[in-house]
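Everything below concerns the one structure shown next.
Remember, predicted model here, so these are calculated numbers, not experimental data. We use all heavy atoms of the structure for the numbers below, so side chains are in, but hydrogens, waters and symmetry mates are not.
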Amino acid sequence: MTTANVIVDRSQGVAPVQRRIFGSFVEHLGRCVYTGLYEPGHPTADEHGFRGDVLALVRELGVSTIRYPGGNFVSGYRWEDGVGPLAKRPRRLDLAWHSLETNEFGLDEFARWCRLAGCEPMLAVNLGTRGVAEALDLLEYANHPGGTALSEQRVANGTAEPHDIRMWCLGNEMDGPWQVGHSSAAEYGALAARTASAMKMVDPTLELVACGSSGSGMPTFGEWERVVLEATYDHVDYISCHAYYQEHDGDLGSFLASSLDMEYFIETVVATADHVRHKLRKERPIAISFDEWNVWYQSRFEDSGKITEGWPVAPALLEDVYSVADAVVVGSLLITLLKHSDRVRSASLAQLVNVIGPIMTEPGGPAWRQATFFPFATTARLATGVVLMPRVETGTYATGRHGAAPLVDAVVTHDAETGSAAVFLVNRSLETTVVRIDVADLGVGGVREALTLADADPYATNTREQPDRVGLQPVTAVLTDGVVSVELPPVSWTALALA
């Protein structure tokens, strides 16, 4: 058994909790949309073909924003294909995922679904095979009230009110050689600047996201951000980060410390953005949209998951089954995102349903929660007010990928209006860890909830046959004289709600 101390000080505020940090991502990839969100004929489907069981789980998950329609898919997408009468929508080859896109589900369906789910839509524009004109057309169709060709087309298609989409991504992962229309940083930066400038001529209040690096291991990482931001600084509000993590070769210790890479990623991008800011003598800082992050076993996809023959419709792709260990990492990454709320203003768990998602479905059958569902839903529900950076006194352990890693990590949120607080903790140790949390400065009087995600088998999962094998369990947490004492199980994620 190991020990750790967490000391909370109200003066160590980072920033208000950014609700957009609890965003997700829907791409036309595999079964995310078809038999995920949308399945006409399903027993729970509504008149629009939206699965009611999935909508209920999305609301429970607490998702704030949804990025759409990609992802790699967007770099070959013609948005016009997905609007208007269903019978007239063309089928297209999707080069990103070697699939056939039916376009039954498009922008208007997505916006309608977001309203039902209580989520803010976030759109990506195609800067892989398209450019300024097509982005302006999409903006006019989506946001202009009426009286123009494209806004009246939207009205004729059954949506009288504009979708009023505020946040827009200027392409996707344009640094990646796998991307349709892949370009250099200078080429992309010039196109993104022209597109952003034109879009803000239509509406200067739009929030625009320039493509950053698709991973901290990219050979152009850092330099890509510098070149892109020097071209786009006056026109964009965010630079994006994308990161996926997995366990390699049975190295659980390194995997559990994945958030150290995310922290390095964020801090490097912040330093680069601030360098450009000072070089260009700008007052306004650039924020980060961490709009793709998750655990994803990419090696499985590379080895056997790629489609090489035929063009199937909505094939089963990237349907990772998540374990307790995977969920602990997801909870740890959420802690890191919250710690950087001063600059990370938006984030998207990629993706939402079936495709590396916290929710899984069976066509014509049930939907269930993956292990990763629980830390996300609980953090989204309990994190309110201001993020506080606690002092964590804990031991470390050696990892093969990230150097020395703390055995325990934590973050705290505090809502001065209600007097409530929440503590989120991860135990990377293979032993039980007794943690003492000094919350005297918060003035709280008791523990309202104490929940942990752990299992004797860190590789336990939920499946269609056993949808409730993994879940949150109560843990004993006692508040005495301003100090909470709690035992964290080995390889666990824990949330405490204080009142």
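The aromatic rings of W293 and F376 sit parallel to each other, their planes meeting at less than 30°, with 60° as the upper class boundary. The aromatic rings of F73 and Y77 lie tilted to each other, with the angle between the two planes from 30° to 60°.
Side chain of N294 to main chain of W296: no donor-acceptor pair is present (N/O by atom type, distance under 3.5 Å, no hydrogens or angles). Side-chain atoms of S341 come within 3.5 Å of backbone atoms of L338 as a donor-acceptor pair (strictly under, hydrogens ignored). At distances below 3.5 Å, not a single donor-acceptor pair connects side-chain atoms of Y322 with backbone N or O atoms of G357. Judged by distance alone, with hydrogens and angles left aside, the side-chain atoms of Q246 form a donor-acceptor pair with the main-chain N or O of Q298 at under 3.5 Å. Looking only at distances, no side-chain donor or acceptor of R345 sits under 3.5 Å from a matching main-chain atom of A287. In this structure, N462 contributes its side chain and V470 its backbone to a donor-acceptor pair below 3.5 Å. When atom types are taken as modelled, the side chain of N427 and the backbone of L488 share a donor-acceptor pair closer than 3.5 angstrom. Although no hydrogens or angles enter the test, the distance criterion places no donor-acceptor pair under 3.5 Å between the side chain of S259 and the main chain of L333. D291 places no side-chain N or O within 3.5 Å of a backbone atom of S348 that could act as its donor or acceptor partner. Side-chain atoms of E319 never come within 3.5 Å of backbone atoms of A316 as a donor-acceptor pair (strictly under, hydrogens ignored).
You'll find the side chain of R369 reaches within 4.5 Å of the side chain of F374, heavy atoms only. C169 has its side chain within reach of M122: a pair of non-hydrogen atoms, C-beta onward, lies under 4.5 Å apart. Side-chain contact check for N172 versus L127: every heavy-atom pair is 4.5 Å or farther apart. When side chains are defined from C-beta on, H42 does not count as touching P363, because their heavy atoms never get closer than 4.5 Å. Counting heavy atoms from C-beta on, the side chains of S216 and D261 come closer than 4.5 Å. Contact annotation: the side chain of L349 approaches that of P358 to within less than 4.5 Å [non-hydrogen atoms, C-beta and beyond]. Proximity of R130 to W79: side-chain heavy atoms (C-beta onward) are separated by under 4.5 Å at one or more points. Put simply, the side chain of V74 does not reach to within 4.5 Å of the side chain of E27, judged on heavy atoms.
The only option from R92, K88, R89 that meets the salt bridge (charged side-chain N to carboxylate O under 4.0 Å, His left out) definition with D81 turns out to be R92.
Here the closest heavy-atom approach between residue K339 and residue V411 is recorded as CG-CG2, 3.8 Å. M218 approaches G176 most closely through the heavy-atom pair CE-CA, 4.2 Å. Pairing each heavy atom of V58 with each of A117, the nearest pair is CG1-CB, 4.1 Å. Taking both residues in full, the closest heavy atoms of M262 and Y245 are given as N-OH, 3.2 Å, listed atom of the first, atom of the second, then distance. Residue V330 comes nearest to P375 through the heavy atom pair CG1-CG, 4.3 Å, listed as atom of the first residue, atom of the second, then distance. Residues H98 and P312 come closest through the heavy atom pair O-CD, 3.6 Å.
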* Before giving the answer on side chain to side chain donor-acceptor pair (under 3.5 Å), spell out for T372 and Q370 the whole-Å C-alpha distance, their side-chain angles and the decisive distance to 0.1 Å. => CA-CA 5 Å; T372 54; Q370 292 238 59; 5.5 Å; no

* Going through the checks in order, is the side chain to side chain donor-acceptor pair (under 3.5 Å) test met by E362 and W368? -> CA-CA 9 Å; E362 182 77 15; W368 62 95; over 6 Å; no

* Verify side chain to side chain donor-acceptor pair (under 3.5 Å) between Q473 and T452, making sure each step is shown before the conclusion. => CA-CA 5 Å; Q473 305 163 3; T452 193; over 6 Å; no

* Quick one: do E101 and L93 satisfy side-chain contact (heavy atoms from CB on, under 4.5 Å)? Show the steps, please. => CA-CA 6 Å; E101 174 55 49; L93 299 180; over 6 Å; no

* Go through the steps for T384 and R19 under the test side chain to side chain donor-acceptor pair (under 3.5 Å), then give the verdict. => CA-CA 9 Å; T384 60; R19 297 314 305 174; over 6 Å; no

* To do: Please report the C-alpha distance between L107 and L138 in whole Å, then the side-chain angles of each, then the deciding distance to 0.1 Å, and finally whether the side-chain contact (heavy atoms from CB on, under 4.5 Å) criterion is met.
  => CA-CA 10 Å; L107 171 58; L138 175 56; 3.8 Å; yes

* **Derivation of the side-chain contact (heavy atoms from CB on, under 4.5 Å) call for V324 and Y459** => CA-CA 6 Å; V324 168; Y459 297 104; over 6 Å; no

* To do: Determine, stepwise, if the pair D237 / V209 fulfils side-chain contact (heavy atoms from CB on, under 4.5 Å).
  => CA-CA 6 Å; D237 307 277; V209 185; over 6 Å; no

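Ring centroid separation for the pair F290 and F265 comes in under the 6.0 Å cut-off. Checked against the 6.0 Å centroid criterion, the rings of H28 and Y68 qualify as a close aromatic pair.
Judged as a ring pair (Phe, Tyr, Trp, His ring centres under 6.0 Å), the pairs with a partner in residues 157-197 (not counting sequence neighbours) are, in order, Y188-W224.
Side-chain N/O atoms of E134 and N126 include no donor and acceptor closer than 3.5 Å. A donor atom on one side chain and an acceptor atom on the other are not found under 3.5 Å apart for Q153 and Y141. For T361 and N354, the side-chain atoms include at least one donor-acceptor pair closer than 3.5 Å. No hydrogens or angles considered: nothing links the side chains of E109 and H48 as a donor-acceptor pair under 3.5 Å. In summary, the side chains of S346 and Q18 do not present any donor paired with an acceptor at a separation below 3.5 Å, with no hydrogens or angles considered. The closest side-chain donor-acceptor pair between S323 and D326 falls under 3.5 angstrom.
In this structure, T399 OG1 and L256 CG are separated by 10.0 Å, a value rounded to the nearest 0.5 Å. In this structure, CD in E173 is found 5.5 Å from NE2 in H242, a value given to the nearest 0.5 Å. D175 contributes atom CG, which lies 3.5 Å from atom OG of S214 (distance to the nearest 0.5 angstrom). Put simply, CZ on F25 and CG on L352 are 11.0 Å apart, with the number rounded to the nearest 0.5 Å. Interatomic distance, CD of E207 versus CD1 of I165, reported as 12.5 Å (0.5 Å rounding). Once rounded to the nearest 0.5 Å, the distance linking CZ of R194 with OG1 of T232 reads 12.5 Å.
R166 and D164 are joined by a salt bridge, as a carboxylate oxygen and a charged side-chain nitrogen come within less than 4.0 angstrom of each other. Between E263 and R343 there is no salt bridge, since no side-chain nitrogen of the basic residue lies less than 4.0 Å from a carboxylate oxygen of the acidic one. By the 4.0 Å N-to-carboxylate-O rule, E292 lies close enough to R67 to be salt-bridged with it. Salt bridge R20/E120: present, at least one basic N to carboxylate O contact under 4.0 Å.
Annotation for D249: atom CG does not count as buried by contact number, only 12 or fewer foreign heavy atoms lying within 6.0 Å. Within 6.0 Å of CZ in R91 there are 12 or fewer heavy atoms belonging to other residues, nucleotides or ligands.
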